[in-house]
Colleague: 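Dumping the structure here so I can ask a few things about it.
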Amino acid sequence: MFSLLLALAVRDGRLTRNVAAGVRLPRVGRSEKVFLTHGQVGELAAAAEPHGLIIRVLAYTGLRWGELAALRVRRVDLVKRRLLVAESVTEVNGRAVFGTPKTHQRRSVPLPRFLVEPIAAQIAGRAGDELVFTPPTGDVLRNNNFRRRVFDRAAESIGLAGLTPHELRHTAASLAVAEGANVKAVQRMLGHASAAMTLDVYADLFEDDLDQMADRLDRAAGRAAADSVRTEGVGPDLDAVRPGRRQHG
């Protein structure tokens, strides 16, 4: 960031050169991600009731918290089972500010079939511009309040103290990859700017793909070898007696 500021100063004629250009930054350490199982998601949702649907939507769609809080009824398509992510909300100085998603692009997120009925009940009777998820006060769902009143206690009650709502986004990626989703599908679901970014964040999840690819190649090579053995030497028999007139002795 500092280098970008200096580069801007150079372009503006305020500095002659960017002294930060080319400086190698230290490697950024990354904390270990937490991926919940289907069973753990179910336990967390049950412990968070009557707000369990929020947990399930986060864990099975990969929405960011701001995207979930800004989701409006008219952007829920229960027939096609899609959520249109076109808006996000952030808290600035205690005020909810609506804007575009993190990558500034809309995306369509698939909705698992088992979530259709509970979401239909959630939005029943609401106008299209109303928010899908709200606190009892009816205003914007705020992350800090939800964590303090619901999420943290639910996580601690099932032995997952320290879990954050954002780790449900990691869980969504993990569960999708476990069911065979490729990197492009995960990228589109999560709204990453590129597949390279998805691989950078979730490279470990795709390690099993390499083993599966090797196993598939092994099976394919085995089938090809077996087919070659079966067909080897098979062809017209030039010495076979051709049908013709019957010879009489």
Colleague: Determine the minimum heavy-atom distance between Pro101 and Glu67, stating which atoms define it.
Modeller: CB-OE2, 3.8 Å
Colleague: A quick test of your reading: do over 12 heavy atoms of other residues, nucleotides or ligands sit less than 6.0 Å from CZ of Arg188?
Modeller: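 Not more than 12 within 6.0 Å, no.
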Colleague: Examine Tyr202 together with His170 and report whether their ring centres are nearer than 6.0 Å.
Modeller: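 Yes, ring centres under 6.0 Å apart.
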Colleague: Can Arg72 be said to sit on top of Phe98's aromatic six-ring, NZ or CZ under 6.0 Å from centre and within 45° of the ring axis?
Modeller: yes
Colleague: Nearest 0.5 Å, what's the CG-CD distance between Asn93 and Glu91?
Modeller: 9.0 Å
Colleague: Let me confirm one number: the CD-OG distance from Glu179 to Ser174, rounded to the nearest 0.5 Å.
Modeller: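 Nearest 0.5 Å value for the CD-OG distance: 10.0 Å.
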Colleague: Of all the heavy-atom pairs spanning Arg82 and Ser108, show the shortest one and how long it is.
Modeller: CD-OG, 3.0 Å
Colleague: Quick one: pull up CD in Gln40 and CG in Leu168 and give me the separation to the nearest 0.5 Å.
Modeller: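 Reported to 0.5 Å precision, the distance equals 11.0 Å.
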Colleague: Look at the side chain of Lys102 and the backbone N and O of Ser88, then say whether any donor-acceptor pair between them is shorter than 3.5 Å.
Modeller: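 Judged by distance alone, no pair lies under 3.5 Å.
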Colleague: Under 4.5 Å between side-chain heavy atoms, counting indirect links through other Ile/Leu/Val/Met/Phe/Trp/Tyr residues: same cluster for Leu131 and Leu141 or not?
Modeller: no
Colleague: Measure across Gly94 and Arg142 and return the closest heavy-atom pair with its distance rounded to 0.1 Å.
Modeller: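 Looking at all heavy atoms of both residues, the closest pair is O-NH1, 3.2 Å.
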Colleague: Any donor and acceptor pair, going by atom type alone, linking the side chain of Glu156 with main-chain N or O of Arg153 inside 3.5 Å?
Modeller: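 No, the answer is negative, given that no donor and acceptor are paired below the 3.5 Å cut-off.
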Colleague: Can you check side-chain contact (heavy atoms from CB on, under 4.5 Å) on Leu71 and Val85, steps first, answer last?
Modeller: CA-CA 7 Å; Leu71 183 64; Val85 178; 5.6 Å; no
Colleague: I'd like to know if the side chain of Asn182 reaches the main chain of Lys184, judged simply by a donor and an acceptor atom lying under 3.5 Å from each other, with no hydrogens or angles considered.
Modeller: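 Indeed, once roles are kept as given, a pair shorter than 3.5 Å links the two residues.
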Colleague: Asn145 and Arg148: side-chain hydrogen bond (donor to acceptor under 3.5 Å, both in side chains), yes or no, with the steps?
Modeller: CA-CA 5 Å; Asn145 291 344; Arg148 184 176 65 254; 3.0 Å; yes
Colleague: Please test Thr171 against Val41 for side-chain contact (heavy atoms from CB on, under 4.5 Å), starting from the C-alpha separation and ending with a verdict.
Modeller: CA-CA 9 Å; Thr171 293; Val41 172; 3.9 Å; yes
Colleague: How many angstroms lie between CZ in Arg64 and CG in Asn143, if you round to the nearest 0.5 Å?
Modeller: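 Here the rounded value is 14.0 Å.
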Colleague: Quick one: pull up CD in Gln122 and CD1 in Ile54 and give me the separation to the nearest 0.5 Å.
Modeller: 7.5 Å
Colleague: Tell me if a side-chain donor or acceptor on Arg147 pairs with a main-chain N or O of Pro165 at a distance below 3.5 Å.
Modeller: no
Colleague: Which heavy atom of Ala86 sits nearest to which heavy atom of Arg106, and what is that distance?
Modeller: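 So the two residues come closest at CB-NE, 3.5 Å.
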Colleague: Check whether any side-chain N or O of Asp12 sits under 3.5 Å from a backbone N or O of Arg14 as a donor-acceptor pair, and report yes or no.
Modeller: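 Checked: no pair found.
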Colleague: Say whether Val89 and Phe151 are linked into one hydrophobic cluster, either directly or through other cluster members, by side-chain heavy-atom distances under 4.5 angstrom.
Modeller: no
Colleague: Tell me, with the steps shown, if Thr134 and Val140 meet side-chain contact (heavy atoms from CB on, under 4.5 Å).
Modeller: CA-CA 6 Å; Thr134 60; Val140 178; over 6 Å; no
Colleague: Check the pair Val109 / Arg107 against side-chain contact (heavy atoms from CB on, under 4.5 Å), numbers first and verdict last.
Modeller: CA-CA 6 Å; Val109 177; Arg107 72 181 187 278; 3.7 Å; yes
Colleague: Return the minimal non-hydrogen interatomic distance between Leu63 and Leu58, and the atom names on each side.
Modeller: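 Reported closest heavy-atom pair: O-CD2, 3.5 Å.
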Colleague: For residues Ala154 and Ser157, report the shortest heavy-atom separation together with the two atoms involved.
Modeller: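 Smallest interatomic distance, heavy atoms only, reads O-OG, 2.7 Å.
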Colleague: Starting from the C-alpha separation in whole Å, work towards a yes-or-no answer on side-chain hydrogen bond (donor to acceptor under 3.5 Å, both in side chains) for Asn18 and Ser3.
Modeller: CA-CA 7 Å; Asn18 180 355; Ser3 180; 3.2 Å; yes
Colleague: Taking atom CD of Glu130 as the centre, does the number of heavy atoms from other residues, nucleotides or ligands within less than 6.0 Å exceed 12?
Modeller: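 Atom CD in Glu130 is crowded, with more than 12 foreign heavy atoms closer than 6.0 Å.
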Colleague: For Ile158, which of Leu36, Leu163, Leu44 qualifies under side-chain contact (heavy atoms from CB on, under 4.5 Å)?
Modeller: Leu44
Colleague: Do other residues, nucleotides or ligands put more than 12 heavy atoms under 6.0 Å from the CD atom of Glu49?
Modeller: yes
Colleague: Mark yes when over 12 heavy atoms from residues, nucleotides or ligands other than Phe114 sit less than 6.0 Å from its CZ; otherwise mark no.
Modeller: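 Count over threshold, so yes.
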